[in-house]
Chemist: 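Sharing a structure, written as structure tokens. Questions coming.
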Amino acid sequence: MSNHPDDLLHIASCRTCRDRFTADNVVNFDADRQREPERMREFLETARRLERERTGVQDVVGRLLRSTAPSDWPTLATLPELQSSAAVEQLIEEVRKRAERTPTDALSLAEVATTIADSLPANSYPAVVLAQVQATAWKERAHALRYLSRFEDALVSIEMAEERLQSFPSVAFDRAVVQLAKAMILYYAGRTREAFEL
């Protein structure tokens with residue numbers, strides 16, 4: 001290695017030197033490079049699948065909500081046509097529309113969304129996508145509870161959202177949104193110091 005002034009660049013491009021150093025203390029560059037096309041394929045496949053799932057889901061959710069009495073909304077969580085991240089996203093939109101005007105209805109829909117999100121099979125989406133969907137559903141449930149002044153229940157829900165994201169360093173934005181929601185709940189619960197610290 002003493003013949004090479006820029007060690008890191010050289011190790012990255014020289015297989016002989018890289019082989020000497022990959023045992024314990026240097027990242028295996030080739031392993032990552034070989035996985036790049038695979039990762040890109042997986043990313044594109046997931047993006048296409050999510051787009052296909054979103055097609056028409058707004059109409060399906062709207063129709064089901066119109067044709068089902070609000071008292072029966074919990075039964076929607078078992079319907080096969082709602083067993084997707086797209087359906088959860090659409091239910092979350094419905095929660096947001098109702099949160100201020102009819103928070104009880106919003107909470108009922110948020111409970112349906114969290115039930116569906118938490119029951120989606122682990123292999124149905126990449127783990128990070130599933131965590132984001134679940135965390136968003138729990139965050140919206142917490143908001144609905146906040147509108148009903150059920151602050152302790154709201155904090156339990158927001159902690160569920162935090163828990164869903166904790167294993168994924170790449171979801172910093174999602175984590176920040178959840179923490180903002182938590183700060184709002186703490187503020188309305190009269191715990192202003194904790195809210196401002198957060």
Side-chain angles (χ1 to χ4, degrees), residues 49-50 53-168 171 173-191 195 198:
R49 179 179 171 203
L50 292 173
E53 286 181 359
R54 289 182 180 119
T55 303
V57 77
Q58 183 176 2
D59 295 335
V60 171
V61 170
R63 177 180 48 79
L64 289 169
L65 293 181
R66 284 189 303 276
S67 65
T68 308
S71 60
D72 292 332
W73 282 349
T75 64
L76 297 176
T78 62
L79 297 179
E81 58 264 47
L82 296 183
Q83 303 306 307
S84 69
S85 70
V88 172
E89 289 171 357
Q90 190 57 46
L91 285 166
I92 288 168
E93 282 303 310
E94 296 295 332
V95 170
R96 290 174 179 157
K97 289 177 191 175
R98 291 169 170 80
E100 288 187 42
R101 291 180 296 119
T102 55
T104 304
D105 287 350
L107 177 59
S108 183
L109 290 176
E111 288 170 350
V112 173
T114 54
T115 299
I116 294 170
D118 283 350
S119 69
L120 292 172
N123 63 353
S124 58
Y125 302 96
V128 68
V129 171
L130 194 55
Q132 289 172 305
V133 169
Q134 291 171 343
T136 303
W138 280 102
K139 174 182 66 72
E140 292 306 320
R141 185 173 179 162
H143 273 310
L145 287 161
R146 176 177 61 83
Y147 278 109
L148 291 165
S149 299
R150 292 175 52 186
F151 302 120
E152 289 308 313
D153 291 336
L155 286 171
V156 170
S157 289
I158 208 69
E159 286 167 5
M160 295 295 283
E162 288 177 316
E163 182 182 304
R164 297 306 189 273
L165 297 173
Q166 74 183 29
S167 301
F168 302 96
V171 294
F173 177 78
D174 300 78
R175 193 173 289 108
V177 170
V178 167
Q179 289 176 342
L180 177 61
K182 185 175 187 176
M184 291 169 67
I185 295 164
L186 289 168
Y187 178 81
Y188 284 106
R191 295 163 60 176
L198 185 58

Chemist: Taking 4.0 angstrom as the limit, do D153 and R141 come out as a salt bridge?
Modeler: no

Chemist: Answer yes or no: is there an ion pair linking E93 with K97, defined by an N-O contact shorter than 4.0 Å?
Modeler: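 Answer for the salt bridge query: no.
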
Chemist: Under a 3.5 Å distance rule, please check whether E159 uses its side chain to pair with a backbone N or O of A154 as donor and acceptor.
Modeler: no

Chemist: If you define the side chain from C-beta out and look only at heavy atoms, does anything of S108 sit under 4.5 Å from P74?
Modeler: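 Heavy-atom side-chain distance check passes, below 4.5 Å.
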
Chemist: Does atom CD of Q58 have more than 12 heavy-atom neighbours, drawn from other residues, nucleotides or ligands, at distances under 6.0 Å?
Modeler: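 No.
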
Chemist: Is there side-chain contact between F151 and L186, with heavy atoms separated by less than 4.5 Å?
Modeler: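 No, too far: nothing below the 4.5 Å cut-off.
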
Chemist: Before accepting this row, confirm whether a basic side-chain N of the pair R175/E162 lies closer than 4.0 Å to the acidic partner's carboxylate O.
Modeler: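 The answer is no: the pair does not qualify as a salt bridge.
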
Chemist: With a 4.5 Å heavy-atom cut-off, do H143 and M184 have their side chains touching?
Modeler: yes

Chemist: Does any part of the side chain of S119, heavy atoms only, come nearer than 4.5 Å to the side chain of Q83, both counted from C-beta?
Modeler: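 Of all side-chain heavy-atom pairs linking S119 with Q83, at least one is under 4.5 Å.
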
Chemist: Taking atom CZ of F168 as the centre, report whether more than 12 heavy atoms of other residues, nucleotides or ligands fall under 6.0 Å from it.
Modeler: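 Result for CZ/F168: enclosed.
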
Chemist: Given side chains that start at C-beta, do those of R164 and D118 come closer than 4.5 Å, heavy atoms only?
Modeler: yes

Chemist: Kindly indicate, with the supporting measurements, whether the criterion salt bridge (Lys or Arg N to Asp or Glu O under 4.0 Å) is fulfilled by D174 and K139.
Modeler: CA-CA 10 Å; D174 300 78; K139 174 182 66 72; over 6 Å; no

Chemist: Counting only N and O atoms by type, is there a donor-acceptor contact under 3.5 Å from the side chain of T102 to the main-chain atoms of D105?
Modeler: no

Chemist: Show your working on side chain to side chain contact (heavy atoms under 4.5 Å, CB included) between W138 and I158 and close with a plain yes or no.
Modeler: CA-CA 6 Å; W138 280 102; I158 208 69; over 6 Å; no

Chemist: How about L76 and L79: do any of their side-chain heavy atoms sit closer than 4.5 Å?
Modeler: yes

Chemist: As a quick check of understanding, evaluate side chain to side chain contact (heavy atoms under 4.5 Å, CB included) for L120 and Y125, giving each step before the final call.
Modeler: CA-CA 9 Å; L120 292 172; Y125 302 96; 4.0 Å; yes

Chemist: Check for a donor-acceptor pair, side chain of T68 on one end and backbone N or O of L65 on the other, with a separation under 3.5 Å.
Modeler: no

Chemist: When you compare the side chain of Q134 with that of T114, does any pair of heavy atoms fall below 4.5 Å?
Modeler: no

Chemist: Any sub-3.5 Å donor-acceptor pair from Y188's side-chain atoms to S149's backbone N or O?
Modeler: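 Side chain of Y188 to backbone of S149: no pair is present.
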
Chemist: Got V61 and E89 here, is their nearest side-chain heavy-atom distance under 4.5 Å?
Modeler: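 Heavy-atom side-chain distance check fails, nothing below 4.5 Å.
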
Chemist: Within the side chain of R66, is there an N or O that forms a donor-acceptor pair under 3.5 Å with the backbone of G62?
Modeler: yes

